[in-house]
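Accompanying notes for the structure given below.
Naming: A, B, ... by sequence-line order, numbering from 1 per chain.
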Protein chains: 2
Amino acid sequence: MRKAATIRDVAREAGVSVAVVSRVLNDGTGPVAPHTRERVVAVMERLAYRPRAAARELQQQSTTTIGLVLADLTNPFFARLADRVVWEARARGIHVVLLTTQEDPHLESDSIDTLIERSVGSVIATPTGGNVEKWARLAQLGVNVVFVDREIEELPDIDVVTISNELSAEVATDHLLRLGHTRIAFISGPETTSTGRARVTGFRSAMHRAGVAVDERFIQSVPFRGTSGSDAVSSLLSGPIRPTALIVGNTAQVRNALSRVQQSSLSLPQDLSLVVFDDNPWTELVSPPLSVVRQPIDMLALHSVDLAYSRLKGSISDGARRIRVDADFIQRSSSAAPTT
Amino acid sequence: MRKAATIRDVAREAGVSVAVVSRVLNDGTGPVAPHTRERVVAVMERLAYRPRAAARELQQQSTTTIGLVLADLTNPFFARLADRVVWEARARGIHVVLLTTQEDPHLESDSIDTLIERSVGSVIATPTGGNVEKWARLAQLGVNVVFVDREIEELPDIDVVTISNELSAEVATDHLLRLGHTRIAFISGPETTSTGRARVTGFRSAMHRAGVAVDERFIQSVPFRGTSGSDAVSSLLSGPIRPTALIVGNTAQVRNALSRVQQSSLSLPQDLSLVVFDDNPWTELVSPPLSVVRQPIDMLALHSVDLAYSRLKGSISDGARRIRVDADFIQRSSSAAPTT
DNA sequence: TTGTAGGCGTTATCAG
DNA sequence: CTGATAACGCCTACAA
């Protein structure tokens with residue numbers, strides 16, 4: 001394959017100037033005689049001409065691409081989020097560069113570097129919790145950053161779109177309390193993440209409000225990666241006092257937690273009530289179907305892209321936005337009144 | 001926010017020429033006095049200087065971004081594929097622009113247009129089956145296209161990375177035949193996709209080889225989207241003769257199919273043996289755990305990115321490659337000898 | 001309606 | 001070792 005045709009080749013071949021070709025390329029920039037346009041288009045077709053995005057971006061300072069930094073596409077929650085973000089982005093004519101951190105701050109740091117070099121206009125990210133200065137720097141460099149699902153409290157100037165984590169945990173806890181449970185355990189994400197902290201807070205306040213003492217051994221903050229969920233369940237079930245109900249507020253560990261429960265001799269919901277965060281394709285397929293807190297992923301995606309896009313176009317006033325959407329609680333058969 | 005610092009700013013500020021700065025940037029290009037280097041690095045840090053990827057790409061003809069066109073991120077198979085592709089791409093220092101088609105040829109067509117404008121170097125895609133000319137044109141424009149998971153036979157010049165679909169279906173079928181089943185049903189993807197066709201072919205040839213007649217009503221090719229899987233199961237179970245075993249070779253419809261089976265009065269595997277295509281996080285969580293054909297997603301991703309990258313670097317001879325990797329069959333408890 | 005020319009930020013080629 | 005300077009492909013005033 002010979003070297004690609006440039007705008008100049010097209011111009012020469014069509015017997016016009018590059019300016020004209022440029023105009024037909026992004027029509028609206030200036031006037032072009034219909035007949036001339038036709039000829040130019042024909043030549044572009046014939047030469048299989050393709051404008052170089054690099055040259056274009058270099059020239060016109062702006063970009064139509066945003067970065068999407070997700071923790072882990074293996075988690076259905078993030079996968080669906082990615083799906084919706086791509087969808088919303090397409091509706092606005094912008095492109096999405098996808099990066100993953102695998103929950104690893106080092107990889108996240110690399111991703112941020114990449115994003116800086118790529119000179120994307122905006123970034124939508126689920127931060128690991130580390131790299132505080134780095135995120136700050138990215139934002140300071142003029143990149144519009146939007147945190148979604150999680151946030152970093154030390155960075156109050158960055159837009160945030162999350163569900164009401166605290167409230168969601170309260171609702172889930174209230175549900176179990178109302179059923180009559182008092183020995184409720186909670187498995188959450190790491191303390192380094194806003195979701196991990198907020199959900200525990202919600203759990204505590206619901207318990208407190210109900211006048212039920214919290215057994216500290218019943219609160220387990222575990223990493224997103226690895227099999228920490230299984231271990232947490234084992235530890236909870238092997239203690240001197242066993243919980244009668246369990247909330248898993250760590251979406252990435254629901255699978256491992258459930259798996260371990262299934263391996264135990266306990267049956268749901270007779271011996272243990274279970275409520276998990278995040279609804280996904282299989283929560284209804286297992287037996288019994290799981291009671292869940294369903295995150296409105298569409299809304300998260302919509303608002304994040306909206307923010308990213310608005311900032312890109314400058315059609316939004318300064319000052320960080322914090323958008324909070326409510327999650328739904330869906331009761332299914334994995335939670336019931338305690339039998340003991 | 002002031003405008004970003006350029007290489008020239010750094011040069012001026014450090015009292016050197018841009019050439020020197022460029023050299024320290026990509027060290028190895030030329031000699032730089034240690035002392036000078038230090039000073040330049042310091043200035044770069046101070047000015048928060050970041051090289052512009054666009055300018056760099058413009059200068060050195062190459063692009064470091066590839067397009068990834070997936071059918072549906074909601075399907076765990078594609079989500080995991082995306083995860084691995086991003087991972088492999090990162091390892092090679094290239095970026096991934098993500099697009100989805102939702103199995104819709106129109107959206108796919110749009111995506112191809114986007115890809116043309118973006119001037120990505122390579123594209124990894126799971127084609128819907130339509131847009132044959134359009135894919136051809138993209139390839140002709142000099143974009144290295146790699147089809148993964150599915151292929152389009154009319155485009156033999158395009159690289160392909162798939163699992164051995166025919167063989168996988170045969171293995172699954174043989175498994176059931178060996179257990180003693182003869183009334184085996186098969187739900188596959190649409191006839192318009194290579195996977196849909198190949199898996200049915202494999203199913204047929206296994207049946208034929210075993211000398212078992214195929215009941216045509218037992219073969220259902222259904223769309224990836226919608227609830228076609230449920231309907232197919234209903235239709236299979238309500239017929240005059242009921243199958244004793246079912247293979248679902250349509251990864252997107254496994255969920256719906258299983259759900260419908262659960263709603264029926266049949267219990268697995270006593271009344272019906274079930275084997276599904278694609279292993280994923282929940283196949284082992286449902287009861288009974290499902291026998292599956294596991295696709296080696298890592299390998300699919302590795303080879304596709306490898307091809308995309310090699311073509312980008314020109315470090316590979318002409319002529320389309322067709323890479324075929326074997327899938328694993330994993331027996332679990334959803335398949336057993338027929339009880340009738 | 002069309003053409004000319006300068007510049008976007010880097011890298012690379014030569015002279016110093 | 002370092003410094004000018006010419007590309008790279010495109011857009012966009014400003015002229016014609």
Salt-bridge present (A/K134, A/E108; N to O < 4.0 Å) = no

In this structure, are over 12 heavy atoms from other groups packed under 6.0 Å from B/R137 atom CZ?
-> no

How does protein reach along nucleotides 10-16 of chain D, written 5' to 3' as B (base within reach of a heavy atom under 4.0 Å), S (only sugar-phosphate), or - (no contact)?
-> BBB----

5′-ward residue of the pair B/V32/B/Q61 relative to DNA chain D = B/V32

Whole-Å gap separating P (D/dA6) and CG (B/L58) | 17 Å

Can a donor-acceptor pair be found between the side chains of A/S122 and A/R311 at a distance below 3.5 Å?
-> no

Is there a side-chain contact between B/D72 and B/T100 (heavy atoms, below 4.5 Å)?
-> no

Specify the separation, in whole Å, of atom CG of A/D9 and atom P of D/dC8.
-> 11 Å

Atom CD of B/E38 to atom P of D/dC1: distance rounded to whole Å?
-> 14 Å

Carboxylate-amine/guanidinium proximity below 4.0 Å for B/R39 and B/E13 = no

Would you mind classifying the nucleic acid contact of A/E57 as base, sugar-phosphate or nothing, using non-hydrogen atoms under 4.0 angstrom?
-> nothing

Would you call B/R80-B/D83 a salt bridge at under 4.0 Å N-O?
-> no

Ion pair check, B/E57 and A/R52, cut-off under 4.0 Å = no

Outermost contacting nts on DNA chain C, any atom under 4.0 Å from chain A heavy atoms, listed 5' then 3', are C/dT1 to C/dG9

Would you say B/S111's side chain and B/L107's backbone share a donor-acceptor pair under 3.5 angstrom?
-> yes

List the steps, then state whether side-chain contact (heavy atoms from CB on, under 4.5 Å) holds for A/T193 with A/T128.
-> CA-CA 7 Å; A/T193 62; A/T128 62; over 6 Å; no

In plain terms, say whether B/R92 and B/E88 are close enough for a salt bridge, that is, a side-chain N and a carboxylate O under 4.0 Å apart.
-> yes

Compute the bend angle of the helix from C/dT1-D/dA16 to C/dG16-D/dC1 from the end axes (five pairs per end), rounded to 10°.
-> 40°

Under 3.5 Å, is there a donor-acceptor pair linking the side chains of B/R150 and B/T162?
-> no

